Chemist: 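Take a look at this one; I'll ask things after.
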Amino acid sequence: MSTNLLLEDKNAVIYGAGGAIGHAVARTFAREGARVFLAGRTASKVETVAKEIAAGGGAAEATQVDALDETAVAEHLDAVIEKAGGVDISFNAVGLRNTTLQGVPLVDLAVEDFMRPITEHVRANFLTARLAGRHMTAKGSGVIMTVTSIPSRIANPLMGGVAVAMAAEEALIRDLSVEFAPHGVRVAGVRTQGMPDSGTIEEVFGIHAKAHGVTREQFQHMVAERTHRKRLPTLQEMAEVVAFIASDRASGIAGTIANMSLGAIPD
């Protein structure tokens with residue numbers, strides 16, 4: 001292998017690997033030399049990603065894992081550690097379908113639909129980070145990451161509980177970091193503007209477009225116009241940033257969220 005690879009000889013577990021974000025990150029990690037262990041709720045989806053990576057010469061294994069099931073996550077992580085000798089990177093890309101979670105005024109939103117992103121999205125991130133953290137802090141190294149979105153920092157209408165969940169995940173990143181960093185483990189995140197080549201974002205934009213009485217294309221244009229570059233980031237751009245932060249070259253990055261809003265949120 002070339003020594004220019006960012007993640008050479010790293011073992012990475014990717015949760016939600018069958019989705020668009022997980023797929024892009026898994027493919028990029030493998031390209032950068034990592035051995036990737038793909039976990040997802042739907043076996044066929046993670047197996048497809050693993051086959052694609054293997055066909056390109058990468059090392060990938062797929063397992064059906066429900067990231068909301070603590071026992072399933074623990075058993076899978078133990079199996080990876082036994083097989084690979086350890087885990088260097090834990091990346092959570094678990095998502096939720098948003099059909100009933102967004103596009104409804106808060107006063108009309110069912111309590112269950114408001115709470116679902118909080119109870120499921122945040123729970124999945126906590127479970128995977130806590131279990132990975134136990135292993136990583138014991139060995140004295142590792143990186144734990146996830147992806148959030150800009151509603152964590154700005155007020156958007158009709159977001160339901162999603163914005164609250166994103167803000168909670170960013171708080172979790174900071175709290176995990178301050179506890180894990182003294183043991184050699186970095187925790188960080190990437191906050192993106194909507195990535196239109198993601199199926200989830202296409203769905204979300206459609207929901208909000210309908211609520212605003214415009215087409216999905218018009219709504220996407222409205223969102224893009226808020227950025228400095230007048231466009232939205234892509235899945236691959238996100239994956240490249242994630243791969244860098246997960247690498248040893250980003251050893252100075254911890255307890256923070258990389259801003260990929262393209263200027264929509266100024267820092």
Side-chain angles (χ1 to χ4, degrees), residues 15-25 40-42 44-45 66-68 92-125 146-172 189-239 242 257 259-265:
Y15 300 96
I21 290 176
H23 183 177
V25 170
R41 187 177 295 183
T42 305
S44 60
K45 290 184 178 181
D66 182 351
L68 294 172
N92 193 307
V94 172
L96 288 171
R97 290 193 62 82
N98 292 275
T99 306
T100 61
L101 306 181
Q102 297 188 46
V104 179
L106 289 170
V107 294
D108 298 324
L109 188 64
V111 172
E112 293 77 12
D113 286 338
F114 175 78
M115 291 301 300
R116 189 177 169 207
I118 302 166
T119 56
E120 294 191 15
H121 219 273
V122 179
R123 174 186 172 91
N125 272 275
T146 192
V147 172
T148 64
S149 57
I150 68 168
S152 66
R153 287 279 303 277
I154 62 174
N156 280 335
L158 310 179
M159 290 300 301
V162 172
V164 178
M166 294 296 103
E169 286 178 20
E170 294 189 4
L172 179 62
V190 174
R191 181 195 304 119
T192 72
Q193 180 59 283
M195 296 171 288
D197 49 347
S198 159
T200 297
I201 292 301
E202 184 174 355
E203 176 191 21
V204 168
F205 280 4
I207 292 169
H208 285 270
K210 182 178 180 181
H212 286 83
V214 298
T215 66
R216 192 197 64 77
E217 291 74 18
Q218 288 172 324
F219 183 80
Q220 180 174 321
H221 178 73
M222 289 165 52
V223 176
E225 281 295 303
R226 299 173 190 165
T227 73
H228 290 184
R229 300 194 66 184
K230 308 303 180 185
R231 71 167 179 84
L232 299 176
T234 66
L235 285 166
Q236 191 57 41
E237 285 177 320
M238 174 276 307
V242 169
I257 297 89
N259 184 351
M260 280 195 65
S261 69
L262 294 181
I265 299 177

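What you see is a predicted model, and the numbers here were worked out from it, not measured in a lab.
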Chemist: Look up atom CZ in Phe205 and atom OG1 in Thr215, then write down how far apart they are to the nearest 0.5 Å.
Modeler: 12.0 Å
Chemist: Please report the C-alpha distance between Met195 and Leu232 in whole Å, then the side-chain angles of each, then the deciding distance to 0.1 Å, and finally whether the side-chain contact (heavy atoms from CB on, under 4.5 Å) criterion is met.
Modeler: CA-CA 6 Å; Met195 296 171 288; Leu232 299 176; over 6 Å; no
Chemist: State, to 0.1 Å, how close Leu158 and Pro105 come at their nearest heavy-atom pair, and which atoms those are.
Modeler: CD2-N, 3.5 Å
Chemist: Distance only, no hydrogens: is a donor on one side chain within 3.5 Å (strictly under) of an acceptor on the other, for Ser152 and Glu170?
Modeler: yes
Chemist: Could you tell me which residues satisfy ring pair (Phe, Tyr, Trp, His ring centres under 6.0 Å) with His212, sequence neighbours excluded, listed by chain and number?
Modeler: Phe219
Chemist: To the nearest 0.5 Å, what is the distance between CG (Leu68) and CZ (Arg41)?
Modeler: 5.5 Å
Chemist: Can you sort out the partners of Asn156 under side-chain contact (heavy atoms from CB on, under 4.5 Å), two or more places apart, ordered by chain and number?
Modeler: Pro151, Ile154, Met159, Arg226
Chemist: Which atom pair, heavy atoms only, marks the closest approach of Ala24 to Met238?
Modeler: CB-CE, 4.4 Å
Chemist: Could you go through Gln193 and Ile265, starting from their C-alpha distance and side-chain angles, then the distance that decides it, and tell me whether this counts as side-chain contact (heavy atoms from CB on, under 4.5 Å)?
Modeler: CA-CA 9 Å; Gln193 180 59 283; Ile265 299 177; over 6 Å; no
Chemist: Between Leu262 and Pro233, which heavy-atom pair has the shortest distance, and what is it?
Modeler: CD1-N, 3.6 Å
Chemist: Could you report the tightest heavy-atom contact between Ile150 and Ala264, atom names first, then the distance?
Modeler: CD1-CB, 4.5 Å
Chemist: Taking all non-hydrogen atoms of both residues, which atom of Asp113 and which atom of Leu109 are closest, and how far apart?
Modeler: CB-CD1, 3.8 Å
Chemist: Enter the distance from Thr146:OG1 to Ile257:CD1 here, rounded to the nearest 0.5 Å.
Modeler: 10.5 Å
Chemist: How long is the gap from NZ on Lys230 to CD on Glu225, to the nearest 0.5 Å?
Modeler: 5.0 Å
Chemist: Grab the two heavy atoms, one from Thr227 and one from Ser261, that are nearest each other, plus how far apart they are.
Modeler: CG2-O, 3.6 Å
Chemist: I want to check something: taking the side chain as every heavy atom from C-beta on, are Met166 and His121 in contact at a cut-off of under 4.5 Å?
Modeler: yes
Chemist: Using the side-chain contact (heavy atoms from CB on, under 4.5 Å) criterion, which residues pair with Glu112? Sequence neighbours excluded.
Modeler: Ala110
Chemist: Between atom OG1 of Thr200 and atom CD1 of Ile21, what is the distance when rounded to the nearest 0.5 Å?
Modeler: 7.0 Å
Chemist: In Å and rounded to the nearest 0.5 Å, what is the CZ to CD distance from Arg216 to Glu203?
Modeler: 12.0 Å
Chemist: Any non-hydrogen side-chain atom of Val122 less than 4.5 Å from a side-chain atom of Glu169?
Modeler: yes
